[in-house]
K.L.:
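Have a look at the structure that comes next, please.
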2 protein chains.
Amino acid sequence: MKRIQSKFVTIKDIAEKAGVSPNTVSRALNSRPDISQSTKSRILKIAQEMGYVRNAYATILKSNVTNTIGVIMSDSSNPFFSEVFKGIDKAAQEKDYQIIIMNSEGVYENEERFIKTLLERRVDGILLFPMQESYEDIRELVKEHFPIVLVGREIDEWNVDEIFSDEVKGGYMATKYLLEKGCKKVKMITDQLYNSASLGRLEGYRKALQEKGVPFCEENVKLCHHIHEGYHVQAGYDKVIEMLQGKEEFDGIFCYNDLIAYGVIKALKENGFRIPEDVSVVGYDDITFSRLIEPQLTTIKVKKFEMGYEAFQMLYKRITAKKSSNSSTRKVLDVELIVRNS
Amino acid sequence: MKRIQSKFVTIKDIAEKAGVSPNTVSRALNSRPDISQSTKSRILKIAQEMGYVRNAYATILKSNVTNTIGVIMSDSSNPFFSEVFKGIDKAAQEKDYQIIIMNSEGVYENEERFIKTLLERRVDGILLFPMQESYEDIRELVKEHFPIVLVGREIDEWNVDEIFSDEVKGGYMATKYLLEKGCKKVKMITDQLYNSASLGRLEGYRKALQEKGVPFCEENVKLCHHIHEGYHVQAGYDKVIEMLQGKEEFDGIFCYNDLIAYGVIKALKENGFRIPEDVSVVGYDDITFSRLIEPQLTTIKVKKFEMGYEAFQMLYKRITAKKSSNSSTRKVLDVELIVRNS
DNA sequence: ATTTGTTCCGTTAACGTTAACGGTAATAAA
DNA sequence: TTTATTACCGTTAACGTTAACGGAACAAAT
């Protein structure tokens with residue numbers, strides 16, 4: 001890399017120095033036919049010496065292929081998302097695709113803005129982790145058959161590719177486990193109730209209760225309203241304190257995710273509860289740290305890496321499909337109960 | 001967004017429909033002077049209807065400003081890095097800069113490749129977290145005064161902007177704490193010894209020993225060779241098992257980072273050691289989870305967010321500097337001992 | 001009436017790269 | 001010798017956008 005007054009060397013500069021046409025230089029750099037071996041190596045040498053670096057913008061503008069996808073998630077530092085992202089990254093690298101990742105922080109306006117930026121950058125497709133109540137921003141994309149795959153959430157109404165976990169089964173298994181362990185009063189701590197993950201897990205919760213003949217009580221479902229990204233732990237902690245202050249009774253808690261469970265466990269321990277003797281706790285996701293905390297967290301294992309890996313595969317299929325089909329693919333990933341000590 | 005046979009609408013298409021020149025459309029879209037209000041709104045309406053999305057590649061090629069920086073780290077899912085990244089992201093958003101992030105996984109070849117890609121994408125500057133033994137790949141960048149800031153590591157030899165923690169102080173405080181707590185045999189578990197972080201912390205370790213009159217023993221420093229990203233916990237765990245099998249005696253362990261400490265604590269607990277009664281453990285970084293594990297981890301707090309935030313500021317200064325100066329900035333961040341229960 | 005200025009829009013060229021086409025010289029085939 | 005073939009390279013134009021310049025039309029000032 002060399003620059004003259006912070007301007008990069010162009011193909012034209014090389015051509016001039018080598019005494020050939022710009023196109024010949026292009027031929028040499030892209031190892032195309034129609035060029036002699038001698039001039040080719042001579043040009044490559046000069047290019048090397050001059051510190052030539054291809055201008056991706058010119059190339060892409062000309063060729064119209066970016067080999068880039070966009071990924072929009074709410075918080076890539078969240079262990080769940082970062083694990084899924086690894087799957088995406090792996091799959092993308094295998095197909096030699098670039099990734100532009102953006103963190104919406106769960107804010108709809110950011111999501112809108114990011115989508116616009118990604119389209120301006122002519123990404124071939126988008127992987128979106130829906131986190132909002134509204135999906136207006138992607139309505140047109142779907143309508144126009146722009147390659148897009150929704151990850152981790154299910155949107156019934158639309159005809160769009162999706163990959164997500166069997167949330168009902170997860171909620172069911174978690175709750176059933178608590179009930180069969182002897183818990184009589186099982187609370188559920190969840191966040192927003194407008195997405196398929198929360199709703200599915202809640203449905204599983206109800207299903208398990210019903211199966212065991214336990215009446216469902218609205219008050220046992222605790223909603224954490226709009227958890228600011230990075231504050232799930234705090235939200236779980238606060239909810240327990242709130243419940244204790246309200247003198248509510250419980251001997252089992254099913255948490256929307258592991259991070260909330262961490263906060264729950266912290267609050268319980270600080271208030272003298274033994275886990276699992278006094279209160280049993282079940283999390284969701286099975287992120288790395290869940291086997292490191294004390295007690296080790298019983299949780300629902302989600303196939304995070306697979307979710308990311310498969311999501312890219314689905315998107316790739318869309319991108320490389322000859323014609324845009326009207327039918328969409330929905331992939332459901334199985335979940336698993338991991339019994340530990342909580 | 002609308003496309004005709006997966007081709008986007010161009011400014012020319014709009015011009016044709018509106019019966020004006022392409023340049024007039026450009027004027028309307030970029031709200032420049034030299035255009036009447038009536039035609040402007042008319043064009044904007046048509047553009048809206050046709051679903052126009054600006055082609056960033058054409059704009060950038062013409063204007064030559066990308067407002068983009070590249071960030072290369074080894075593993076953005078590592079809590080330490082993701083925290084630093086948040087600082088970068090915040091600062092970048094404030095200046096309306098885009099970020100291209102790449103995970104090298106600590107592999108030199110990846111780093112080389114990524115730098116090339118970033119240059120092709122004409123980033124205005126690069127934030128690099130050096131993880132390798134060799135720095136050859138950035139030598140030319142530095143020589144050519146390409147805006148670059150090294151984050152988290154110190155490279156003495158070169159004249160390059162750097163921001164890093166006071167590693168010697170961190171290692172010193174951690175070790176001193178263990179010694180003053182009464183530990184007689186303090187081990188240190190670290191990783192590669194060729195970067196400034198490891199070396200600095202080791203120097204601090206030695207300094208504290210010396211100050212307390214404890215002889216330094218080479219065997220007390222345990223090296224984890226080439227920890228694969230994401231396996232720090234396992235590495236710490238393995239080292240303790242190894243030490244126990246070797247019948248080594250110790251009552252204090254200073255870990256290179258919190259993740260290693262987690263593994264150390266897990267191994268100790270599994271083998272019946274009480275923490276901190278039998279063995280005291282001190283980590284490094286103070287990532288979020290360190291106050292959630294049992295026992296809560298005593299550690300050295302590093303200003304992660306600030307590191308990222310400041311790193312961008314330094315890079316921004318370089319980018320916007322009128323002329324490339326030969327002098328470089330080195331910023332050292334203070335560290336802090338957080339005493340908890342380990 | 002002439003000059004000056006202003007408003008608004010079109011024309012041209014350029015950013016860096018590359019595909020399509022054409023042309024020249026040398027070589028092989030007739 | 002003539003023709004066809006091949007190897008190699010240059011010319012031109014285009015990708016989508018925008019800066020620089022120019023010019024027409026009209027209003028205001030002299």
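The sequence lines fix the lettering, A, B, ..., with proteins before strands; numbering per chain opens at 1.
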K.L.:
Does a nitrogen or oxygen in the side chain of A/R32 sit under 4.0 Å from OP1 or OP2 of C/dA19?
P.N.:
yes
K.L.:
B/T59 has a side chain; which of C/dT17, D/dT17, D/dT11 sits nearest to it?
P.N.:
D/dT17
K.L.:
Under 6.0 Å from the NZ atom of B/K331, do we count more than 12 heavy atoms belonging to anything else shown?
P.N.:
no
K.L.:
Can you find a side chain N or O atom of A/N23 that sits less than 4.0 Å from OP1 or OP2 on D/dT11?
P.N.:
no
K.L.:
From the options C/dT18, D/dG16, C/dG16, select the nucleotide whose nearest atom is closest to the side chain of A/R54.
P.N.:
C/dT18
K.L.:
Near B/E16 CD, under 6.0 Å, is it more than 12 heavy atoms from other residues, nucleotides or ligands?
P.N.:
no
K.L.:
Look at the side chain of A/S26 and decide which nucleotide, out of C/dT18, D/dG16, D/dG10, has an atom nearest to it.
P.N.:
C/dT18
K.L.:
Parallel, tilted or perpendicular: which describes the rings of B/Y57 and A/Y57, with under 30° parallel and over 60° perpendicular?
P.N.:
tilted
K.L.:
Mapping B/S63 and B/T24 to their closest nucleotides on DNA chain C, which lands nearer the 5' end?
P.N.:
B/T24
K.L.:
Assess whether a salt bridge exists between B/R330 and B/E154, defined as any Lys/Arg side-chain N lying under 4.0 Å from an Asp/Glu carboxylate O.
P.N.:
yes
K.L.:
NZ of B/K62 versus P of C/dC15: gap in Å, rounded?
P.N.:
8 Å
K.L.:
Give the rounded distance in Å between these two atoms: CD of A/Q37 and P of D/dC8.
P.N.:
9 Å
K.L.:
Taking the cut-offs as 6.0 angstrom to the six-membered ring centre and 45 degrees off its axis, would you call B/R122 and A/F8 a cation-pi pair?
P.N.:
yes
K.L.:
Starting from C1' on C/dG16, measure out to CG on A/N64 and report it in whole angstrom.
P.N.:
16 Å
K.L.:
To the side chain of A/D34, which of C/dT18, D/dC9, D/dG16 is closest?
P.N.:
D/dC9
K.L.:
Whole angstrom is fine here: how far is it from CZ in A/R27 over to C1' in C/dC21?
P.N.:
11 Å
K.L.:
Taking the nucleotide of DNA chain C with the nearest heavy atom to each, does A/L29 or B/S38 sit closer to the 5' end?
P.N.:
B/S38
K.L.:
Taking only side-chain nitrogens and oxygens of B/K7, does any of them come within less than 4.0 Å of OP1 or OP2 of D/dG16?
P.N.:
yes
K.L.:
In this structure, how many angstroms lie between the P atom of C/dA20 and the CG atom of A/N30, rounded?
P.N.:
14 Å
K.L.:
Does B/R122 contact C/dG16 through a side-chain donor or acceptor facing the base, at a distance under 3.5 Å?
P.N.:
no
K.L.:
Tell me whether the count of non-hydrogen atoms from other residues, nucleotides or ligands lying under 6.0 Å of NZ in B/K17 goes above 12.
P.N.:
no
K.L.:
Please state how far atom CD1 in B/I43 lies from atom P in D/dT18, giving the value in whole angstrom units.
P.N.:
13 Å
K.L.:
Send over the distance from B/L61 CG to D/dA14 C1', rounded to a whole Å.
P.N.:
12 Å
K.L.:
OP1 or OP2 of D/dC8 sitting under 4.0 Å from any side-chain N/O of A/T39?
P.N.:
no
K.L.:
So, is B/K12 near the phosphate of D/dC15, with a side-chain N or O under 4.0 Å from OP1 or OP2?
P.N.:
yes
K.L.:
Would you say a side-chain N or O of B/Y57 is under 4.0 Å from OP1 or OP2 of D/dT18?
P.N.:
no
K.L.:
Between D/dT17, C/dT18, C/dG10, which one does the side chain of B/T10 approach most closely?
P.N.:
D/dT17
K.L.:
Specify the separation, in whole Å, of atom CD1 of A/I35 and atom P of C/dA19.
P.N.:
13 Å
